[in-house]
Participant: 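Let me begin by handing over the structure; questions about it come next.
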Amino acid sequence: MSELSGLQIFKYLPAAKKLAEGNCKKCGFPTCMAYALKLAKGQTEIELCPHLPEELKEIFTQSMKKPQKEVFLGHANKVLVGGENVLFRHDKTFINKTVIAIVLDTDENDFKEKLNRIVDFEITRISDTYKIDLIYLKGSNISSELTRKFDNLGFAWVVEDDLKEISMLEDKAVGDTVEELTKIRRKAILDKDENYSKPVAIYFEHGDNLLDLMAKASVYLCKYASMLIFEDFDEALISTLMTLRQNIYTDPQKPLQVESKVYEFNNPDENSLVFLTTNFALTYFAVANEIESLNKPAYLVVTPSDGMSVLTAWSAEKFTAQIAAKTVNNAKIADKIKNKQIIIPGLLAHMKEEIKEALPEFEIITGPNEAYLLNDFVKSLK
Ligand code: SF4
């Protein structure tokens with residue numbers, strides 16, 4: 001794909017300049033415009049037009065350069081570092097999340113204890129489970145038995161020599177480090193300057209105050225470290241950074257979503273309440289938190305809606321009575337409860353009859369418009 005649009009490319013071609021060779025068809029396309037449109041989409045080659053001006057060739061050569069190198073690290077298992085091509089997440093999306101690496105020094109006394117903690121570490125945030133991305137092995141006792149263990153457990157590991165394609169930046173005062181990181185990223189993205197194209201790692205040595213470390217690492221994660229390497233391993237620090245990272249490295253063009261299924265709360269039984277909503281993550285968590293705090297057994301049926309909230313899903317036809325009925329029937333909700341009632345979001349009150357038609361054995365009850373009103377709403381139910 002070119003950075004130029006078809007129209008921008010066309011302006012450089014002979015037909016646009018009204019030259020005699022315009023629309024000569026030598027490129028295999030009937031007109032210069034047709035060729036320009038294909039070129040913009042990356043569906044043909046610049047070499048096919050013998051009349052392409054040098055100026056346009058140069059623009060293409062520049063646009064083919066990768067702003068920041070993408071580097072594979074690890075042996076049997078690998079992680080990707082770098083490869084970013086925008087300065088800000090909202091410009092498009094970030095590509096490869098900041099890699100979090102822990103140093104494991106085989107000569108240190110607490111080596112085995114640290115190894116076990118690294119292997120055991122795991123957190124789940126909005127349906128995604130994270131473990132340590134990369135283990136940086138040091139010391140004189142790196143055995144093939146140890147590396148095989150990491151390979152078999154699915155961990156990526158490196159030694160110092162594997163980091164040649166990474167720029168290591170010293171952690172100085174926060175302001176200075178951020179300034180340096182920003183300068184490097186701007187040079188890479190805006191100028192495509194190859195001297196700055198390596199992904200950048202910050203190395204944190206033993207013994208930093210944990211809160212200072214948290215503050216610094218969070219700032220560098222946002223701007224613009226491709227990798228953070230820690231000599232100390234603190235589960236709380238890493239959990240916090242991974243949660244922050246998840247926020248920054250999700251694609252802003254794709255809404256966060258949870259799995260479409262039936263979620264259970266407070267040990268549901270045949271007298272449980274049944275709620276219905278869509279799989280937009282924020283909607284789900286708002287509703288789920290309220291249901292949990294009701295302290296009543298309940299099911300929450302979450303329909304597939306491409307991560308759209310209730311009204312958006314309805315307007316995009318991602319929430320229909322048929323989709324709702326299919327989800328409820330697949331989950332065999334009718335077999336699980338006695339009272340056969342389903343509470344739908346208040347925002348979908350206009351669909352009550354439609355849903356009733358699709359789920360004739362259920363009574364459809366219109367719930368509140370907002371999740372925080374669920375508690376009062378349930379108290380008012382007969
Ligand atoms: Fe136009 Fe070049 Fe194709 Fe001829 S070869 S039609 S000048 S784009």
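A quick note: this is a predicted structure, and the numbers were derived from the prediction, not measured. Numbering of ligands and ligand atoms starts at 1, following listing order.
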Participant: Considering non-hydrogen atoms only, spot the tightest contact between Asn279 and Gly307 and give its length.
Facilitator: OD1-N, 3.0 Å
Participant: Ring of Tyr196, cation from Lys198 - is the NZ or CZ under 6.0 Å from the centre and inside 45° of the axis?
Facilitator: no
Participant: Looking at Thr177 and Lys172, what are the two nearest heavy atoms and their distance?
Facilitator: OG1-N, 2.9 Å
Participant: Distance to the ring centre below 6.0 angstrom and angle to the axis at most 45 degrees; does that hold for Arg245 and Tyr130?
Facilitator: yes
Participant: For the residue pair Lys261 and Tyr263, would you count it as a cation-pi contact if the rule is NZ or CZ under 6.0 angstrom from the ring centre and within 45 degrees of the ring axis?
Facilitator: yes
Participant: Would you be so kind as to tabulate the donor-acceptor pairs closer than 3.5 Å made by side chains of residues 326-343, with sequence neighbours excluded?
Facilitator:
unit_1: Thr327; atom_1: OG1; unit_2: Ile323; atom_2: O; d: 2.7
unit_1: Asn329; atom_1: ND2; unit_2: Ala325; atom_2: O; d: 3.1
unit_1: Asn330; atom_1: ND2; unit_2: Lys326; atom_2: O; d: 3.4
unit_1: Lys340; atom_1: NZ; unit_2: Ala334; atom_2: O; d: 2.9
unit_1: Lys340; atom_1: NZ; unit_2: Ile337; atom_2: O; d: 2.8
unit_1: Gln341; atom_1: NE2; unit_2: Glu363; atom_2: OE1; d: 2.9

Participant: When you look for protein heavy atoms under 4.0 Å from ligand 1, which residues do they belong to?
Facilitator: Pro14, Glu21, Asn23, Cys24, Lys25, Lys26, Cys27, Cys32, Tyr35, Cys49, Pro50, His51
